[in-house]
Amino acid sequence: MQTKTVRQKTEWTPRCTWSPARARRTRVKASASAAQPSKRLFADVSTKEQFMKAVAMIEASKMLPETAAPAILDLYRNYSGAVVSSGVENAETVATKMIATVVDRVLLQFEDPYNFPSFHQRMLEPFDYYDFGQQYTGNLVNFQQSYVGHLERWADVARYVEAGDNVVLVANHQTEADPAVFALLLEEIHPKLATDVIYIAGDRVVGDPMCKPFSMGRNLLCVHSKKRIDDIPELKDAKIKQNRRTILEMAKMLAKGGNLIWVAPAGGRDRPSAEDVFFPAPWDPSAVELMRKLGTSAKPKLHMFPMAMLSHNIMPPPKGIEKQIGEQRVCEFSGVAISLAEELDLETIARNAPEDKEQAQEQLKDIAYQAMEKEYWILDAAVHKKEVSSHLQQPFPSKLPLKTGA
């Protein structure tokens with residue numbers, strides 16, 4: 001048996017067509033200015049020379065902060081290097097077009113900033129932000145070294161959501177690309193889970209101009225985490241009010257049923273240890289308890305699954321938590337993986353919980369975290385050591401090399 005490696009990635013052209021009929025069909029319409037920003041320096045860029053010329057024009061025009069041009073060039077070098085290492089054909093052109101589109105969309109956020117409501121639905125027209133994010137991250141994923149754990153549990157999740165129940169995934173969180181990683185790994189077997197999942201999103205995801213175009217392609221419930229709520233003291237009251245609005249919005253959604261919600265109880269991304277080993281960050285017990293309380297208060301049944309996410313190689317976060325917006329974006333071509341632990345038996349956990357409320361929350365958090373952590377190290381062994389457990393599979397055949405007979 002011989003295996004022929006065929007990279008199936010292609011140059012990306014943003015889908016940005018519009019008609020009244022299509023606009024009526026889309027779930028959320030971006031503004032007209034979102035489709036046609038006034039300065040489209042990067043709109044038709046396809047070569048490195050054109051890209052560098054456009055960056056120089058930005059720098060000369062003073063339309064962005066002084067740090068913007070160096071940051072754009074740094075991202076371009078990082079992303080291009082990762083795409084080249086993937087082995088994709090025409091790697092430089094693929095990377096150049098992709099980063100040009102990123103910068104085009106980021107420029108818009110300086111000209112016409114999008115403000116995220118408590119519940120944001122993914123924008124598909126006139127510009128398809130979902131496809132944009134999938135293509136950007138897909139170029140960084142080594143699917144040959146990527147895995148999904150426990151397909152039977154994902155089938156259960158899909159069945160529960162289809163039946164009108166609510167499913168909450170309590171997960172670790174590693175990179176800004178995690179929503180795209182989730183969708184890329186599941187879109188061929190559970191396309192509705194890939195597109196319809198709702199993420200609990202924090203400040204940076206909806207506030208950093210570099211993040212916002214990617215966030216606009218996802219369904220988000222927007223909150224401010226405990227880690228960042230005091231960053232700007234004068235905004236603390238407004239952040240608390242938005243959190244309350246978001247909780248009310250979530251309660252309404254859960255009451256209707258049929259939701260898949262992903263929450264990261266750590267309130268941020270996992271960080272490397274001093275030895276450069278990534279461990280799942282500690283979870284906030286009140287975050288897990290809030291989802292349990294809201295979910296069990298609604299009439300539709302709640303199913304809560306711990307989920308492990310391994311993605312840190314493709315876009316490693318900074319080693320420390322940075323309060324300032326505008327972190328360096330490092331990119332690598334690497335494998336990624338997700339897996340579900342067994343569904344939590346919330347009734348049994350509640351029956352055996354301590355009477356003290358804080359201790360009960362801590363116990364629930366510990367049970368969920370430990371189940372996630374067990375799956376996480378199985379994923380780590382598969383991606384980094386090629387020790388692949390039997391419950392890990394690769395349910396994305398179109399993204400794998402074609403196989404030919406001997």
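What's counted below: heavy atoms across the whole structure, side chains too, no hydrogens, waters or symmetry copies. Note that this is a predicted model, so its numbers are computed, not measured.
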Under 3.5 Å, which donor-acceptor pairs link side chains of residues 56-70 to any protein atom two or more places apart or in another chain?
{"unit_1": "S61", "atom_1": "OG", "unit_2": "M57", "atom_2": "O", "d": "3.3"}
{"unit_1": "S61", "atom_1": "OG", "unit_2": "I58", "atom_2": "O", "d": "2.8"}
{"unit_1": "S61", "atom_1": "OG", "unit_2": "M63", "atom_2": "N", "d": "3.3"}

Would you say that [X] contacts [Y] through its side chain, given a criterion of any heavy-atom pair below 4.5 Å between the two side chains?
| X | Y | answer |
| --- | --- | --- |
| V197 | L186 | no |
| V84 | E92 | no |
| P317 | F278 | yes |
| R122 | N219 | yes |

Residues in side chain to side chain contact (heavy atoms under 4.5 Å, CB included) with E49, at least two apart? T47
Thinking salt bridges, do K399 and E188 make one under a 4.0 Å N-O criterion? yes
Take the angle between the ring planes of [X] and [Y] and call it parallel below 30°, perpendicular above 60°, tilted in between.
| X | Y | answer |
| --- | --- | --- |
| Y160 | H303 | parallel |
| F132 | Y136 | tilted |
| F51 | F42 | perpendicular |
| W377 | F279 | perpendicular |

Please name all residues satisfying salt bridge (Lys or Arg N to Asp or Glu O under 4.0 Å) with D156, sequence neighbours left out, ordered by chain then number. R159
Got a sec, which residues hit salt bridge (Lys or Arg N to Asp or Glu O under 4.0 Å) with K365, two or more places apart in sequence or on another chain? E362
For D178, enumerate each residue passing the side chain to side chain donor-acceptor pair (under 3.5 Å) test, keeping only those at least two apart in sequence or located in another chain. H173, T175, S311
Which residues satisfy the side chain to side chain donor-acceptor pair (under 3.5 Å) test with S146, sequence neighbours excluded? none
Exercise: identify the closest heavy-atom pair between W154 and V148: NE1-CG1, 3.4 Å
Are a donor atom and an acceptor atom from the side chains of [X] and [Y] found within less than 3.5 Å of each other?
| X | Y | answer |
| --- | --- | --- |
| T348 | D345 | yes |
| R218 | Y129 | no |
| Q174 | Y376 | yes |
| H391 | E375 | yes |

With rounding to the nearest 0.5 Å, note down the distance linking CD in E249 to CD in Q242. 11.0 Å
